[in-house]
Amino acid sequence: MNIVLVEPEIPQNTGNIARTCRATGTALHIIKPMGFSIDDKKLKRAGLDYWHELDIRYYENLEEFFTKCPGTYYFCSTKAKKRHSDVRYRDGDYLIFGKETKGLPESLLHAHYDAAVRIPMLSGIRSLNLSNSAAIVLYEALRQQDYGELESNGHLTQYED
């Protein structure tokens, strides 16, 4: 799978998403400009020591991303009418999220409204946290694929099973 962040603004969110991507083998695509430096301590702290193992790619703008990454896109937005769990995700799909303060541009959503999805929530709530939203949609996509190669069985470390 692929997570795409369009102009992320908060380093902790990007770091948390990076950690989720690393834990699931998901590529992270970042569309510039970013609201922080890639050297930001908050970013590294949230992503912990996984940053060097992450499949991360940067793009100057959306046009460059769409040119270099053809595929099936899902545009995640509170403005969508379709629930994130109502579509069939396939390995390699792109889950696209907008910046924390504004989300995705409405012109982009309008052009791809049939591929726009939302996470259900109570009315009057502006949105969920970006890193939570990315995890929710990604894990739904992975669940539909029976979690692929992800380890599903845990074990106690201080006791025998």
Student: Any side-chain heavy-atom pair from Ile119 and Leu128 closer than 4.5 angstrom?
Tutor: yes
Student: After noting the C-alpha distance and the side-chain angles of Ile3 and Phe97, does the key distance pass the side chain to side chain contact (heavy atoms under 4.5 Å, CB included) rule?
Tutor: CA-CA 8 Å; Ile3 288 185; Phe97 296 86; 4.2 Å; yes
Student: For a quick test of reading the model, state the closest non-hydrogen atom pair linking Ile10 to Glu100 and the distance between them.
Tutor: N-OE2, 3.3 Å
Student: Can you check whether Thr20 reaches Ser131 side chain to side chain, under 4.5 Å on heavy atoms?
Tutor: no
Student: Using the rule given for side chain to side chain contact (heavy atoms under 4.5 Å, CB included), can you reason through Leu5 versus Ile17, listing the C-alpha separation, both sets of side-chain angles and the distance that settles it, and then say yes or no?
Tutor: CA-CA 9 Å; Leu5 302 180; Ile17 292 167; 3.8 Å; yes
Student: Please name the pair of heavy atoms, one in Arg57 and one in Asp55, separated by the smallest distance, quoted to 0.1 Å.
Tutor: NH2-OD2, 2.8 Å
Student: Rounded to the nearest 0.5 Å, what separation is found between the CD atom of Gln145 and the OH atom of Tyr89?
Tutor: 10.5 Å
Student: Verify the distance criterion only: is there a donor paired with an acceptor across the side chains of His29 and Tyr94 at less than 3.5 Å?
Tutor: no
Student: Measuring from Leu104:CG to Ser77:OG, what's the distance to the nearest 0.5 Å?
Tutor: 6.0 Å
Student: Can you measure from OG (Ser85) to CD (Gln144) and round to the nearest 0.5 angstrom?
Tutor: 8.0 Å
Student: Under 30°, 30 to 60°, or over 60°: which ring-plane class applies to Phe66 and Phe75, parallel, tilted or perpendicular?
Tutor: tilted
Student: Applying side chain to side chain contact (heavy atoms under 4.5 Å, CB included), run through Phe65 and Glu60 and close with a yes or a no.
Tutor: CA-CA 8 Å; Phe65 165 75; Glu60 293 301 317; over 6 Å; no
Student: Contact between Leu150 and Leu142 at the side-chain level, heavy atoms closer than 4.5 Å - yes or no?
Tutor: yes
Student: Would you call the rings of Tyr139 and Tyr147 parallel, tilted or perpendicular, taking 30° and 60° as the class edges?
Tutor: tilted
Student: Once you round to the nearest 0.5 Å, how far does CE of Met121 lie from OG of Ser127?
Tutor: 6.5 Å
Student: If you measure from OG1 on Thr26 to CG on Leu95, what distance do you get to the nearest 0.5 Å?
Tutor: 8.0 Å
Student: Rounded to the nearest 0.5 Å, what separation is found between the CD1 atom of Ile31 and the CD atom of Glu7?
Tutor: 9.0 Å
Student: Ignoring hydrogens and angles, state whether a donor on the side chain of Asn2 or Asp93 is under 3.5 Å from an acceptor on the partner side chain.
Tutor: no
Student: Could you check Thr72 against Tyr74 for side chain to side chain contact (heavy atoms under 4.5 Å, CB included), going step by step and ending with a plain yes or no?
Tutor: CA-CA 7 Å; Thr72 301; Tyr74 291 98; 3.7 Å; yes
